[in-house]
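Values in this document were obtained by computation on a predicted structure and should not be read as measured data. Heavy atoms only: backbone and side chains are in, while hydrogens, waters and symmetry mates are out. Lettering follows sequence order; numbering is per chain, from 1.
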2 protein chains.
Amino acid sequence: MSAAAITPDWIAVDRGADRLRVWAMQGATRLAQVQADADINPHAPDGFDQILRAATAGWTIAAGTPVVACGIAQSPQGRAEAPFRAVPCAPLGDPGAVAPTAGGWRVRIIPGLSQSTPPDVMQGDETRIAGFMSLNPGWDGVVCLPGTHSRWAHVSAGEVVSFQTFMTGELLALLATQSVLRTTVTGGDAGAETDAFDSGLADAMARPERLAARLFGLHAADLLEGTRADAARSRLSGLLIGAELGAAKPYWLGQDIAILGAAEPARLYARALRTQGVPATVADPDRMTLAGLTAAYRAMTPAT
Amino acid sequence: MSAAAITPDWIAVDRGADRLRVWAMQGATRLAQVQADADINPHAPDGFDQILRAATAGWTIAAGTPVVACGIAQSPQGRAEAPFRAVPCAPLGDPGAVAPTAGGWRVRIIPGLSQSTPPDVMQGDETRIAGFMSLNPGWDGVVCLPGTHSRWAHVSAGEVVSFQTFMTGELLALLATQSVLRTTVTGGDAGAETDAFDSGLADAMARPERLAARLFGLHAADLLEGTRADAARSRLSGLLIGAELGAAKPYWLGQDIAILGAAEPARLYARALRTQGVPATVADPDRMTLAGLTAAYRAMTPAT
């Protein structure tokens, strides 16, 4: 399909923490997908607008074509631009007011969800959850969303009842790239040595308070004996996912679990749950995002 | 005292993870102290030599003046250049072979200590422990050394029996400066809101596996309600020190504790221990380093 043929009904946008993707859509059909220019700061006053214009430059877009966006939208002060909706509630609410942008885009932003006790927020995962629910009507259970911030959400009777977010992915990235463990784990594959992953997982679940000591132990073991990067990286993932699994037990114990995550983390979380005797189904998060954005688009345009 | 008058018997060096200090010494008396030029890479082949020359340029140094150094000395591959000594052992061993440097310095390096189970290492803290022991002969108990990597060491009958290192300080620094918590805690003082510190400490000791969720909770609470940076920074410290205290319980329970740490972390660790009914004495770590280096110098030059 040549670029000239791309004439979307509507445009779908996922604003992730570290990437922004834009799809040209015709109903539920994906015509084209582009990844936004990473050089444009999406948090600048007209950054989102600039990104949209650059990403869609090759498409033929009619005036008034709706744009439906989910994900993180923060001002430089770190505040969300759209109010959160408090759980328990359906994952998709009224997409609400159109946020007009400098370029005349009519962007509708799917509001994130919040929880007051314990304080928690999600921006983007509510859309993935909605996508999963739209593809699996009537499903009750727990959705696990691994990522920079991994998240467990209890879904029942079409609503998100409660959720809990963990900084696991961000901790992993900081430790692997910025800490004293850098040289020990660089180049290692977290899924390569399952024994190291499993023993890290079991150690962390048994004695989660020892995490900071076990992290230094990875460095010490490498200094004293030399360790394979694959084994160290696998154990590091096992330790951090194990601590999370210990804390998220009220979410996964005796529940149906759906993991919406990219290939590697999804595989590790599924393995971790399997060691606890809990089966999980895995679904592609990008597909769920697009299904959720499509559900939101349909809800706001009943005639379509 | 003018620079021309500085004629040291020997030179003491502490090679920390993030700074290198050099003292001109006459017996146990400090004549002068300089902080090394941070622009010189101490891990370059002749970096240490360059640093010594630059730092001591104003001093009058006789040929053969001994240099006694402790701390981290790593090649670019991350391996220690001097072999570790395995605990249980006295904190100061034979300072061993002279490491000749390009500039003709006769540098003696105090070997670090290692432990095989669980794997652990220290490089520098053995000298601070030796300094404390030289100033407190016959003391038995547990030495706590807060820092980038905080460490608990059990000292008995003149030997380091066992020790455990935690990445607490490094985790704190990464979270406060590189993570999503950056905007929430920047400018906050970890000692400013003792209630927030104490509740973080208690929460982490009670349910250490929830650490990664509580970290995200700091971010969510700030987004939803806005939080004071002092309170968030205090709670962050409480959470991380609380997890460490939970794991280090076999070290501090029913023991005499000496904290060798800089003012702020020492105050926080002392407060944390006090909440557990454990009193601790606090000693200045730089003074302990110099006392330990002096003890090492005396051991290698019995005639002095």
message: Walk me through whether A:Leu113 and A:Phe84 qualify under side chain to side chain contact (heavy atoms under 4.5 Å, CB included).
response: CA-CA 5 Å; A:Leu113 302 187; A:Phe84 292 99; 5.9 Å; no
Looking at [Y], is its backbone amide N or carbonyl O close enough to the side chain of [X] to form a donor-acceptor pair, meaning the two atoms are under 3.5 Å apart?
| X | Y | value |
| --- | --- | --- |
| A:Arg235 | A:Arg214 | no |
| A:Ser234 | A:Phe197 | no |
| A:Asp230 | A:Asp189 | yes |

Decide side chain to side chain contact (heavy atoms under 4.5 Å, CB included) for A:Val155 and A:Ile129; before the verdict, give the C-alpha distance in whole Å, the side-chain angles of both, and the deciding distance to 0.1 Å. CA-CA 9 Å; A:Val155 170; A:Ile129 292 169; 3.9 Å; yes
Rounded distance [0.5 Å steps], [atom1] in [X] versus [atom2] in [Y]:
| X | Y | atom1 | atom2 | value |
| --- | --- | --- | --- | --- |
| A:Cys70 | A:Arg15 | SG | CZ | 8.0 Å |
| A:Thr184 | A:Leu218 | OG1 | CG | 7.0 Å |
| B:Leu174 | A:Ser179 | CG | OG | 6.5 Å |
| A:Arg151 | A:Arg128 | CZ | CZ | 8.5 Å |

Practice item. Answer yes or no: is there a side-chain heavy-atom contact under 4.5 Å between A:Pro146 and A:Ile259? Key: yes
Ordered numerically, the heavy-atom neighbours of chain A under 4.5 Å found in residues 266-277 of chain B are none
Residues at least two apart in sequence or cross-chain that pass ring pair (Phe, Tyr, Trp, His ring centres under 6.0 Å) with B:Phe163, listed by chain then number, are none
If you tally heavy-atom pairs under 4.5 Å between each of B:Ala212, B:Pro208, B:Pro119 and chain A, the highest tally belongs to B:Ala212
The interface call for B:Leu240 against chain A, heavy-atom contacts under 4.5 Å, is neither
Okay, B:Gln178 and chain A: the region with an atom under 4.5 Å from a heavy atom over there is both
So, the part of A:Leu181 with a heavy atom under 4.5 Å from chain B: the answer is side chain
Those residues of residues 241-253 of chain A that come under 4.5 Å of chain B on a heavy-atom basis, listed by number, are A:Ala243, A:Gly246, A:Ala247
Greatest number of non-hydrogen atom pairs under 4.5 angstrom with chain B, of A:Thr165, A:Asp120, A:Leu171, falls to A:Thr165
Looking only at A:Met205, A:Glu170, A:Arg210, the option with the highest number of non-hydrogen pairs under 4.5 Å against chain B is A:Glu170
A:Ser237 meets the side chain to side chain donor-acceptor pair (under 3.5 Å) criterion, sequence neighbours left out, with A:Arg233
